[in-house]
Every structure is written in C-alpha cells, then in structure tokens.
Amino acid sequence: LYDAGFQGIHWPADYGGQGLTIIEQLVAAEELGRVSAPEGINTIGKELVGPILLAVGTEEQKSHYIPRLLRLDDIWCQGFSEPNSGSDLASLGTKGVRDGDEYVVNGQKIFTTAAHEADFIWLACRTDPDAPRHKGISILMVDTTSPGFSWTPIITSHGTHHPNAPYSSDVPVPVDLVAAVLHLRHAPDRPAFGDSPDRVPARSLLLPTPTVAPQLPLRCPLPSPPGT
C-alpha cells in the first residue's frame, strides 16, 4: 500500500506522505472498504503516533519516525493503561526520572496490544513528581529492545494472545525521544499533548473526551512480573 501511494495520503510529502488532502484520504478509505481490503497493521502508529508527531514533534522526530511507520519499518504499541490506572491517566504510576541526557523509566503497563510484536511503545509516564496529578506526564518513544524492557503475555478467555503486560525496570530513554508532555485539562477527561519544556513551546493537540466503559470483571488472570 505504501509503494502504491495509499499510506499517509493527506500527510506531508516531506515526511513520506502523499501531500494530498483529507478528501483524497477519505475516498481511498471508502474504495478500500468497498473491495473489503485488509485493514492493515500498525494502527497505533498511523492513527496515534503519526498525527501527534506531525502536530508537536521535533523536526528530527518527524523526518525519522513518520516515514518508517508508514513503510511499516517500525511497528508501534500504546502504553497507557496500568493495573491501577486505566482511562484516568491522572493516577498514572509509571515514572521517568531525568538522569543527564536520558530518562530512567520504571513501572508496569497492562493490556498492551501487540507489545510482543512492536518495535516501539508510545509510553506515558510521570516525569514531574512535583506537578499536579493531571500534569507532568510525558510521552516517551521507547525502543522495545532497550535493556530493562520486558513483557509477559496475557491469554484472553478465548485462548488468543493479543494483549500483554509490559514492564520497565530502569529502562534508559534518550531525552530526544520525549514526544510530548501531556496535560489533562479539566482532568481527567480532556487530555492535551504539548511539547517538552526542554524544547521550544509547541502547539497543543486536544483529544476528544473519551467514553469510559463500565468496569467488567476480569476473565483472565493478570500475569506476574518476570522472575516471580
């Protein structure tokens, strides 16, 4: 699809897109749906990571990561939910502590789809412990081959393996892989992505108010960390 020009149709050509408009994107999506074409992979990369990097990422991040996710060179997963923190990111427990030119990340995520296949995880962690609970949360682009990063599978009630429980144990993440700083406006229902305070101020990307599903009883056991 990328070689045929059907990826990133309305994304800038400078970053591997086609440089067209959202109208062409919608037409292509409609035609692909009409012939029941496969949905494709790397949904997190194309629908979450890419648009946010285009809005608030650095030039280096955009020029490197956008073409790679469109070509499927890099597969992404999303690391937001935790055992004690779901849709309410203000209760986030994963921490990133600044140490020179990198952050050292510790914490656990849960129900992370495709973490066992992803090259990168779009990881939310608390980088400013002195900020209010709904602020000081950064999005880090974590290489899943980094030392200290691991995962255990979660087998669903019908016997398949899609979600995982990822663990970060002193995972080093370079400062230039901070994608955005998350501020939950009127927390917890209106998150906005802004730039890191270490860089020039950037535009904020307001996300729509999420619909919080009712809590259902777990039908599969939560995995234990490796080595326990």
Please answer whether the main-chain N or O of [Y] pairs with a side-chain N or O of [X] as donor and acceptor at a distance below 3.5 Å.
X      : Y      : answer
Lys109 : Ala124 : yes
Asp119 : Thr144 : no
Asp170 : Val104 : no
Gln108 : Ala165 : no
Ser81  : Ile110 : no
Ser85  : Leu89  : no
Ser138 : Leu140 : no
Asp101 : Asp99  : no
Arg126 : Ala90  : yes
Ser63  : Glu59  : yes

What are the two closest non-hydrogen atoms of [X] and [Y], and how far apart are they?
X      : Y      : value
Ala179 : Leu53  : CB-CD2, 4.1 Å
His162 : Thr160 : CD2-OG1, 3.5 Å
Glu82  : Gly93  : OE1-N, 2.8 Å
Glu117 : Ile75  : O-CB, 4.2 Å
Ala180 : Val56  : CB-CG2, 4.0 Å
Ala28  : Phe6   : CB-CD2, 4.1 Å

**Asked** Is it the case that Tyr15 and Gln61 place a side-chain donor and acceptor less than 3.5 Å from each other?
**Response**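 Short answer, no.
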Does some side-chain heavy atom of [Y] sit less than 4.5 Å from a side-chain heavy atom of [X]?
X      : Y      : answer
Gln18  : Gln7   : no
Pro147 : Val171 : no
Met141 : Tyr65  : yes
Asp128 : Ile137 : no
Leu20  : His10  : no
Trp122 : Ile139 : yes
Cys77  : Ile44  : no
Pro166 : Phe149 : yes

Calculate, to the nearest 0.5 Å, the distance between atoms [atom1] and [atom2] belonging to [X] and [Y] respectively.
X      : Y      : atom1 : atom2 : answer
Ser168 : Ile121 : OG    : CD1   : 6.5 Å
Thr94  : Leu123 : OG1   : CG    : 6.0 Å
Arg71  : Ile66  : CZ    : CD1   : 11.5 Å
Ile41  : Leu1   : CD1   : CG    : 10.5 Å
Lys95  : Asn106 : NZ    : CG    : 9.0 Å
Thr112 : Ile154 : OG1   : CD1   : 7.5 Å

Is there a chain of hydrophobic side chains (I, L, V, M, F, W, Y, each step under 4.5 Å between heavy atoms) that links Tyr2 to Ile9?
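Different clusters: Tyr2 never reaches Ile9 through Ile, Leu, Val, Met, Phe, Trp or Tyr contacts under 4.5 Å.
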Hey, any chance Phe120 and Val175 share a hydrophobic cluster, counting ILVMFWY side chains that come within less than 4.5 Å of each other, even indirectly?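 Same cluster: Phe120 reaches Val175 through Ile, Leu, Val, Met, Phe, Trp or Tyr contacts under 4.5 Å.
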Exercise for the section: Apply side chain to side chain contact (heavy atoms under 4.5 Å, CB included) to Lys46 and Leu69, showing your working. Expected result: CA-CA 7 Å; Lys46 292 182 287 186; Leu69 70 85; 4.0 Å; yes
query = Where do Val142 and Leu177 land on the side chain to side chain contact (heavy atoms under 4.5 Å, CB included) test, with the steps shown first?
reply = CA-CA 8 Å; Val142 181; Leu177 292 187; over 6 Å; no
Pair Ile155, His161 - check side chain to side chain contact (heavy atoms under 4.5 Å, CB included), show working. CA-CA 5 Å; Ile155 306 304; His161 172 207; 3.7 Å; yes
key: Candidate pair Leu54 and Trp11, rule side chain to side chain contact (heavy atoms under 4.5 Å, CB included), full reasoning   = CA-CA 8 Å; Leu54 287 173; Trp11 290 10; 3.7 Å; yes
For the CG atom on Asp14, are there more than 12 heavy atoms of other groups (residues, nucleotides or ligands in this structure) within a distance under 6.0 Å?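 Counting neighbours around CG of Asp14, more than 12 heavy atoms of other residues, nucleotides or ligands fall under 6.0 Å, so yes.
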Check: When you look at CD of Glu30, are more than 12 heavy atoms from neighbouring residues, nucleotides or ligands closer to it than 6.0 Å?
Finding: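 Open: at most 12 neighbouring heavy atoms sit under 6.0 Å from CD of Glu30.
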